[in-house]
*Asks:* 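First, the structure itself, so that you have it in front of you.
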Amino acid sequence: MHPVRFTNMKKFLILIVIPFLPAANACAQNSDEINDPEKTEIWEPQPPVVEPVEVHGEPPEDAIILFDGTSLDGWEAMDGSDAGWILGDGYMTVEPGSGDIKTRQHFSDVQLHVEFRAPEEIDGEGQGRGNSGIFLQNRYEVQVLDNWENPTYSNGMNGSIYKQHIPLANPAKRPGEWQTYQIFFKSPVFGDDGEVEKPARVTVMLNGVLVQNNVEIFGNTVYIGAPFYEEHGPAGIRLQDHGDYVSYRNIWVRELDEEIRFKDGIWRDPQ
Ligand code: MG
């Protein structure tokens, strides 16, 4: 190499490249951290195991039946085509790889009843065992997971608001047994500027045990990074295809009309 050129290259390295190396390295670390799903996992504390109880799931007279075990007509794939899940005798099962499905009908505030079952034969562990999910308004996931003697991060357990709220208890049933969610959901309110004015809130019972007590939802469920809100209106209830043969039955919803308690936007004071 020509001596002058060599000197120039050395100067280039010393003056231009080397000072930026630590910054470049820090940048790479930051972006690794941002892209790391483990950064939003919480493993401690683990909720106490509580014996589940039987819940009777008869729909009240004003309930809208979303799935009665005989037809997938009320459901569609995410692209609007027919739902590709397997219809069994009185239940439906995720067809792995066919994608999530959601109700054709859109909802705001609801009381929601869902029964689900993880495969009886245990296959996989942690998040890879009986994983599915119920996305309220197509965005906010109440996790469905086989948590019978299957540890995982607490804020990703059955009964969690995925990566937002740890469940208060773990009333898991054995794989292969039907379990029941009773969900009470208040949808978010957005201002004229599209910013969230009142965040969504949710209360969740799992197998007769309270697991979420009127918690605030922080935004769309995300696997990596922080949840965020995006303005939306009424939306479908989505069930997740996470690659496991999770089954569902007896799904119904009651629409909750808050206006009953208000007159012209003013709270009706019983006095
Ligand atoms: Mg899930």
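Indexing begins at 1, ligand by ligand and atom by atom, following the structure's order.
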*Asks:* Which residues pass the salt bridge (charged side-chain N to carboxylate O under 4.0 Å, His left out) test with Glu149, not counting sequence neighbours?
*Replies:* none
*Asks:* Can Tyr181 be reached from Ile251 by stepping across I, L, V, M, F, W or Y side chains whose heavy atoms are under 4.5 Å apart?
*Replies:* yes
*Asks:* Enumerate the salt bridge (charged side-chain N to carboxylate O under 4.0 Å, His left out) contacts for residues 231-241, please, sequence neighbours excluded, ordered by first and then second residue.
*Replies:* Asp100-Arg238
*Asks:* Protein N, O or S atoms less than 2.8 Å from the Mg ion (ligand 1), ignoring waters?
*Replies:* Asn131 OD1, Ser132 O, Glu141 OE2, Gln143 OE1, Gln240 OE1
*Asks:* Side-chain donor-acceptor contacts of residues 110-118 below 3.5 Å, not counting sequence neighbours, with atom names and distances?
*Replies:*
from   : atom 1 : to     : atom 2 : distance (Å)
Gln111 : OE1    : Arg254 : NH1    : 2.8
His113 : NE2    : Glu115 : OE2    : 2.8
Glu115 : OE1    : Arg249 : NE     : 2.7
Glu115 : OE1    : Arg249 : NH2    : 3.2
Glu115 : OE2    : Asn250 : ND2    : 2.7

*Asks:* Hey, are Gln143 and Gln127 close enough side-chain-wise for a donor-acceptor pair under 3.5 Å?
*Replies:* yes
*Asks:* In terms of heavy-atom contacts, does CG of Asp193 have more than 12 from other residues, nucleotides or ligands at under 6.0 Å?
*Replies:* yes
